[in-house]
Amino acid sequence: MLRYIIRNEVKTSIIFKCICDIINNTLLMLLLKGLGGRSNMEFKNIILEKDGNVALLTINRPKAMNALNSETLKEIDMAIDNIAEDENVYAVILTGAGKAFVAGADITEMKDLNTVEGRKFGVLGNKVFRKLEKLDKPVIAAVNGFALGGGCELSLSCDIRIASSKAKFGQPEVGLGITPGFGGTQRLARVVGVGMAKQLIYTAQIINAEEALRIGLVNKVVEPDKLLEEVKNLANTIAANAPVAVRLCKAAINQGIQCDIDTAVAYEAEVFGECFATEDQKEGMTAFVEKRDKTFKNK
Ligand code: CAA
């Protein structure tokens, strides 16, 4: 009898645990989806906030100069998914907490990696940065401080870079015995030209914000205390335009830059045509003709 009761209790507790697990998993999935994308998710190494149509993603490991370890990369990956699913986010700002934007990939984590592990870490970083680059919303890097190695590469995965006058940029990897691993050998050359990219990468030289502006690595340099205000204004200016059109512009520029001009302009014609299937094109042009303010719906 006692055995029967115990067995039944065990069964009940297993069933109870299963139900709890299902509820927990469902809650976690809802959390990851951001309950429709609007809730602020809880992370350990990053902060994701939303204000109106703009998301602000802050890398938040100031004690380690926001160095990117695997955990932080995975959190960034989840945040990108959340932002991608939130149809009310039209523009994204990426910045760092404290005196660094991001001082690179985490050297402590990388120090003892073997070839296979090193490749895996590089693949993870590249996967996340490529996802950010392909995110169908414009991303502005507000570079508040050190943007070195993986940090410079993270900024290069954004559409626009605005720097504080205190920012410092560089690819110091060869000084550590490695190559840039999160896209630096590819994107830096595309942004500042092959010769300048090779010079920066081969010398591991750290440059200041003014030099970054001179070589076209950043679009603008502003005083540190004005950086977020400046970037938020820029994000809101972008967000006030038709979101679908901005998204298609990003896709056209990113695709077109990688192929020959005939293919590129054919792609542009495609996306141009697509605009005429949107409500926002009707709204934008009707508002112009009727000389009234426009209200875009991201449709
Ligand atoms: N990884 C791990 N920890 C880092 C780090 C990094 N990339 N950058 C800084 N930190 C840690 C420091 O070890 C230190 O930790 P402790 O307090 O526990 O000692 C803390 O952050 C503060 O750093 P510092 O004391 O060095 O601060 P500083 O103001 O004197 O110097 C700095 C700042 C110039 C950014 C300096 O920290 C530095 O040179 N960091 C390394 C930059 C670098 O080489 N980045 C490239 C990494 S490799 C890479 O990114 C590969 C890739 O492409 C994927």
Can a salt bridge be assigned to the pair [X] and [Y] using a cut-off of 4.0 Å between side-chain N and carboxylate O?
{"X": "R61", "Y": "D106", "value": "yes"}
{"X": "E230", "Y": "K220", "value": "yes"}
{"X": "E211", "Y": "R214", "value": "yes"}

Spell out, yes or no, whether [X] and [Y] are grouped together once hydrophobic residues are joined by side-chain heavy atoms under 4.5 Å, including indirect joins.
{"X": "L57", "Y": "V231", "value": "no"}
{"X": "M285", "Y": "F272", "value": "yes"}
{"X": "L154", "Y": "I47", "value": "no"}
{"X": "V102", "Y": "I80", "value": "yes"}
{"X": "L56", "Y": "I46", "value": "no"}

Can you confirm whether [X] is buried at [atom1], in the sense that more than 12 heavy atoms of other residues, nucleotides or ligands lie under 6.0 Å from that atom?
{"X": "F276", "atom1": "CZ", "value": "yes"}
{"X": "E117", "atom1": "CD", "value": "yes"}
{"X": "K297", "atom1": "NZ", "value": "no"}

Would you say the side chains of [X] and [Y] form a donor-acceptor pair under 3.5 Å?
{"X": "T58", "Y": "N60", "answer": "no"}
{"X": "N254", "Y": "E133", "answer": "no"}
{"X": "E109", "Y": "S70", "answer": "yes"}

State whether the side chain of [X] and the backbone N or O of [Y] hold a donor-acceptor pair below 3.5 Å, judged by distance alone.
{"X": "K168", "Y": "G145", "answer": "no"}
{"X": "R161", "Y": "S155", "answer": "yes"}
{"X": "N66", "Y": "A97", "answer": "yes"}
{"X": "N298", "Y": "E87", "answer": "yes"}
{"X": "D77", "Y": "L73", "answer": "no"}
{"X": "N69", "Y": "T72", "answer": "yes"}
{"X": "K294", "Y": "A242", "answer": "no"}
{"X": "T185", "Y": "G181", "answer": "no"}
{"X": "N53", "Y": "A239", "answer": "no"}
{"X": "T263", "Y": "C259", "answer": "no"}

* Could you walk me through whether L200 and I207 pass the side chain to side chain contact (heavy atoms under 4.5 Å, CB included) test, one step at a time? => CA-CA 9 Å; L200 286 171; I207 59 169; 3.8 Å; yes

* Under the salt bridge (charged side-chain N to carboxylate O under 4.0 Å, His left out) rule, what do K232 and D51 come out as? Steps first, then yes or no, please. => CA-CA 10 Å; K232 280 181 182 171; D51 183 13; 5.5 Å; no

Which atoms form the tightest heavy-atom contact between [X] and [Y], and what is the distance?
{"X": "V174", "Y": "A204", "value": "CG2-CB, 4.0 Å"}
{"X": "C152", "Y": "A147", "value": "CB-O, 3.3 Å"}
{"X": "V191", "Y": "G216", "value": "CG1-O, 3.6 Å"}
{"X": "F101", "Y": "G151", "value": "CE2-O, 3.4 Å"}
{"X": "T95", "Y": "A142", "value": "OG1-O, 2.8 Å"}
{"X": "E153", "Y": "G183", "value": "OE2-N, 3.4 Å"}

Are side-chain heavy atoms of [X] and [Y] found at a separation under 4.5 Å?
{"X": "E283", "Y": "T295", "result": "yes"}
{"X": "S164", "Y": "V221", "result": "no"}
{"X": "K299", "Y": "V244", "result": "no"}
{"X": "I83", "Y": "L48", "result": "yes"}
{"X": "P138", "Y": "V92", "result": "no"}
{"X": "P180", "Y": "I201", "result": "yes"}
{"X": "L156", "Y": "R190", "result": "no"}
{"X": "K282", "Y": "E279", "result": "no"}

If you round to the nearest 0.5 Å, how far is [atom2] of [Y] from [atom1] of [X]?
{"X": "S165", "Y": "L227", "atom1": "OG", "atom2": "CG", "value": "9.0 Å"}
{"X": "N219", "Y": "D159", "atom1": "CG", "atom2": "CG", "value": "10.0 Å"}
{"X": "N82", "Y": "E75", "atom1": "CG", "atom2": "CD", "value": "12.5 Å"}
{"X": "N45", "Y": "L68", "atom1": "CG", "atom2": "CG", "value": "9.5 Å"}
{"X": "L132", "Y": "L94", "atom1": "CG", "atom2": "CG", "value": "6.5 Å"}
{"X": "E268", "Y": "L248", "atom1": "CD", "atom2": "CG", "value": "11.0 Å"}

* Carefully, step by step, assess R292 and T286 under the rule side chain to side chain contact (heavy atoms under 4.5 Å, CB included). => CA-CA 9 Å; R292 61 166 172 82; T286 307; 3.9 Å; yes

* Show the numbers, then the answer: is there a side chain to side chain contact (heavy atoms under 4.5 Å, CB included) between F43 and M78? => CA-CA 10 Å; F43 295 104; M78 281 194 275; 4.1 Å; yes

* Out of V218, V139, I238, I93, which residue meets the side-chain contact (heavy atoms from CB on, under 4.5 Å) rule with I160? -> I238

* Give the other cluster members for M65, using side-chain heavy-atom distances under 4.5 Å between Ile, Leu, Val, Met, Phe, Trp and Tyr residues; answer none if it is isolated. => F146, L148, I206

* Pairs involving residues 233-242, ordered by first then second residue, that meet salt bridge (Lys or Arg N to Asp or Glu O under 4.0 Å) (sequence neighbours left out) -> none

* Asked: Can you list every ring-ring contact (aromatic ring centres under 6.0 Å, His included) pair that touches residues 117-144, not counting sequence neighbours?
  -> F121-F182, F129-F182

* Take V54 and N236 through the test side chain to side chain contact (heavy atoms under 4.5 Å, CB included) and record every step on the way to the result. => CA-CA 7 Å; V54 176; N236 281 314; 3.4 Å; yes

